Amino acid sequence: LLPAYQSLIAAGVNEPFLYFRVAQIALQRNDLVTARRALENYRATPAGAQDPQAALFLLADVERLSGNLEASARAYQTIINSPISDRNILNAALRGLLGIRLTQERADDALAVYDRLIALNPQDPNLELGRASLAFQTRRISQSQAEAILTRWLQQNPTTSPPPEVFSLAGALPPDPKREALYNQLLRVDPNNIPVQLRLIQVIAKRNPQEARERLSQLIARDPKNISAYFIQGQIAQDIGDLQLATNAYQNILALQPKNTDALSALGGVRFRQRRYDEAEELYNQVLTIKPRDITARRSLAGLAAVQDRPVTALEQLEEIQIELAAKGTPDSEVSRQIEQLQESFLRRRGFQPPWERYF
C-alpha cells in the first residue's frame with residue numbers, strides 16, 4: 001500500500017493520517033529517514049497535534065532504531081508525564097522506557113520504572129521476576145531474596161510456557177542441582193537460551209565433567225562464532241581446573257572480537273590463577289583502555305598488587321573503588337572485605353594486633 005499512500009499524498013489528498021501510515025511502513029522497512037520525515041509532516045497537521053501520544057510512540061521507535069536512546073527515552077517520558085486516561089497507554093510507555101534503560105545499563109532508572117509498572121500491575125507476577133533478575137545482577141538484592149521470588153513464582157505458575165523473565169532470573173542465579181529439572185524444562189521451550197544452558201552444564205559438570213565437555217563441544221559445533229558458547233566453555237573449564245581449555249576459549253572470543261572486555265578480563269583471571277601476573281596485568285590494563293572505570297578490572301589489578309606484595313597500592317586502589325561505589329549508592333561488601341583483610345595484614349606485618357581480635 002505504500003505507493004498508493006504516497007500517490008494520494010502527492011495528489012494533495014487532505015488526509016493527515018496518510019503520513020502516519022507512511023511513517024509506520026517506512027519504519028518496518030528500516031527506512032528511518034522517510035519515517036522521520038513522514039512523522040514530522042503528520043505532527044505538523046491539526047490532526048497530528050490532537051494525537052500527540054501515537055506520534056510520540058512512533059518517534060520513540062525511530063529514535064531507538066537510529067541509536068538515539070536518550071531521545072527515545074524522552075519521547076516515552078513525555079507520554080508518561082502527560083495526562084493519560086488509558087492505562088494501556090501508560091503501560092506501553094513505561095515498558096518502552098524500561099527497554100531503553102535496560103539497553104543503556106542504567107540499573108537504578110530501570111528499577112524505578114519496574115517499581116512503577118509493578119504498582120500499576122500488581123497482578124502481573126512476571127514484573128517482579130524481571131525486577132528481581134536485574135536487582136540481583138546489580139547486587140541490589142541478595143541471592144536468597146532472588147531465589148525466594150523465583151520459588152514463589154514457580155509454585156504459583158506453570159512452566160509449560162514460561163515468560164522471558166523466568167529464563168532471565170534462572171540464568172542469573174548461580175547453578176543449583178535443585179533447579180536442574182527447571183533448567184531442562186526451560187531448555188525444552190527454548191533450546192538456544194545460553195544462560196540457562198550454562199547453568200545446566202555447570203550442574204552436570206559437578207557430577208560428570210566429560211558430559212559437560214561434550215555438550216559444550218556440540219554447542220560450539222552448531223555455531224563456531226557463538227561468543228556465548230565460548231564463554232560457557234571458558235567458565236566450565238575454569239570450574240574443573242582445565243586452564244588451557246579456558247585459555248583457548250577466551251582466545252577464540254578475542255579472535256572474533258579483539259576488544260571484548262569480558263573476554264579480556266576472563267583471560268586475565270586465568271593468567272592470575274596461573275601466576276603469570278605480568279600478562280594478567282597487561283590484560284586488565286587493556287580493559288581499562290577500553291572502559292576506564294571498569295570495576296572488575298580495577299579490583300583485579302588491586303588483587304594483583306596484593307599478591308605481588310604491594311599492599312599499600314592495593315589498599316589505595318580498593319579504597320578509591322569503595323568511595324566511588326558509595327557515591328553511586330552501590331556499596332560492595334566484597335570490596336570492603338578485601339580492604340579489611342589488607343588492613344589486618346598490614347597491621348600484623350608491623351607488629352600490631354588488629355583491634356577486632358583483642359577479645360578473642
Side-chain angles (χ1 to χ4, degrees), residues 28-30 32 64-67 69 99-100 102-105 133-134 137 162-175 183-206 208-274 276 279-280 282-291 294 296-297 300:
Q28 290 175 2
R29 299 172 66 177
N30 204 36
L32 302 180
R64 176 179 59 81
L65 292 173
S66 300
L69 296 183
I100 296 297
L102 289 172
T103 301
Q104 293 176 313
E105 298 184 353
S133 179
L134 176 61
Q137 292 179 73
E165 291 84 356
V166 174
F167 289 88
S168 176
L169 186 51
L173 285 165
Y183 301 147
N184 282 312
Q185 174 62 35
L186 294 178
L187 291 173
R188 280 193 287 271
V189 176
D190 180 8
N192 297 315
N193 188 282
I194 297 298
V196 176
Q197 283 194 19
L198 168 60
R199 297 305 178 227
L200 177 60
I201 292 173
Q202 285 175 306
V203 168
I204 292 172
K206 292 180 180 179
N208 192 335
Q210 185 57 38
E211 181 183 349
R213 290 190 186 199
E214 289 172 359
R215 284 178 176 250
L216 281 170
S217 297
Q218 292 169 5
L219 193 63
I220 292 170
R222 289 205 304 267
D223 184 2
K225 294 186 178 181
N226 188 329
I227 298 297
S228 299
Y230 289 116
F231 273 116
I232 295 175
Q233 186 180 50
Q235 187 165 341
I236 294 295
Q238 288 190 83
D239 290 344
I240 62 178
D242 190 339
L243 298 185
Q244 185 55 56
L245 179 60
T247 296
N248 294 342
Y250 298 131
Q251 287 178 337
N252 282 331
I253 296 171
L254 293 170
L256 295 168
Q257 297 181 358
K259 293 185 178 181
N260 189 306
T261 54
D262 290 332
L264 288 168
S265 287
L267 184 55
V270 173
R271 295 294 181 249
F272 197 132
R273 289 180 62 178
Q274 292 174 320
R276 293 161 64 173
E279 293 177 46
E282 181 182 348
L283 287 161
Y284 292 133
N285 281 322
Q286 285 184 50
V287 173
L288 293 179
T289 300
I290 301 167
K291 296 171 66 175
D294 187 88
T296 301
S300 299

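Numbering of residues begins at 1 and proceeds along the displayed sequence. If you're wondering where the values come from, they're calculated on a predicted model, not measured in any experiment.
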Q137 side chain near L134 side chain, heavy-atom distance below 4.5 Å: no
For the atom pair CG (L245) and OH (Y250), what is the distance rounded to the nearest 0.5 Å? 9.5 Å
Separation between OG of S300 and CG of N285, rounded to the nearest 0.5 Å: 11.0 Å
Flag side-chain contact, heavy atom, 4.5 Å: L288 against I290: no
Can you name the salt bridge (Lys or Arg N to Asp or Glu O under 4.0 Å) partners of K291, sequence neighbours left out? D294
Please report the closest heavy-atom contact between P258 and L264, naming both atoms and the distance. O-CD1, 4.2 Å
Within 6.0 Å of CZ in R29, more than 12 heavy atoms from elsewhere: no
Note, P162 side chain near F167 side chain (heavy atom, < 4.5 Å): yes
Can you name the side-chain contact (heavy atoms from CB on, under 4.5 Å) partners of Q244, sequence neighbours left out? D242, T247, N248
About how many Å separate CD of Q286 and OG1 of T261, when rounded to the nearest 0.5 Å? 11.0 Å
Qualifying residue for side-chain contact (heavy atoms from CB on, under 4.5 Å) with L267, from L254, D262, I253: L254
Determine which pairs satisfy ring-ring contact (aromatic ring centres under 6.0 Å, His included) with at least one residue from residues 213-239, sequence neighbours left out, and list them in order. none
Grab the two heavy atoms, one from Y183 and one from P174, that are nearest each other, plus how far apart they are. OH-O, 3.8 Å
Could you grab the distance from atom CG of L283 to atom CZ of R271, nearest 0.5 Å is fine? 7.0 Å
Side-chain heavy atoms of T103 within contact of L69, under 4.5 Å: yes
Could you tell me which non-hydrogen atom of I236 sits nearest to which non-hydrogen atom of A205, and how far apart they are? CG2-CB, 4.3 Å
Regarding Q202 and R199, is there a side-chain donor-to-acceptor distance under 3.5 Å anywhere? yes
Between L32 and S66, which heavy-atom pair has the shortest distance, and what is it? CD1-OG, 3.4 Å
How many angstroms lie between CG in L243 and CZ in R276, if you round to the nearest 0.5 Å? 10.0 Å
Might you point out which heavy atoms bring L256 and K225 nearest each other, and give the distance in Å? CD1-CA, 4.0 Å
Do the side chains of D239 and Q235 get nearer than 4.5 Å, heavy atoms only? yes
Do the side-chain N and O atoms of Q185 and R188 include a donor-acceptor pair separated by under 3.5 angstrom? yes
Under the criterion side-chain hydrogen bond (donor to acceptor under 3.5 Å, both in side chains), I'd like the reasoning laid out for R215 against Q218: C-alpha separation, chi angles, the key distance, then a yes or no. CA-CA 5 Å; R215 284 178 176 250; Q218 292 169 5; over 6 Å; no
Is any side-chain heavy atom of N226 closer than 4.5 Å to a side-chain heavy atom of I194? yes
When every non-hydrogen atom of A229 is compared with those of L216, the smallest separation belongs to O-CD2, 4.2 Å
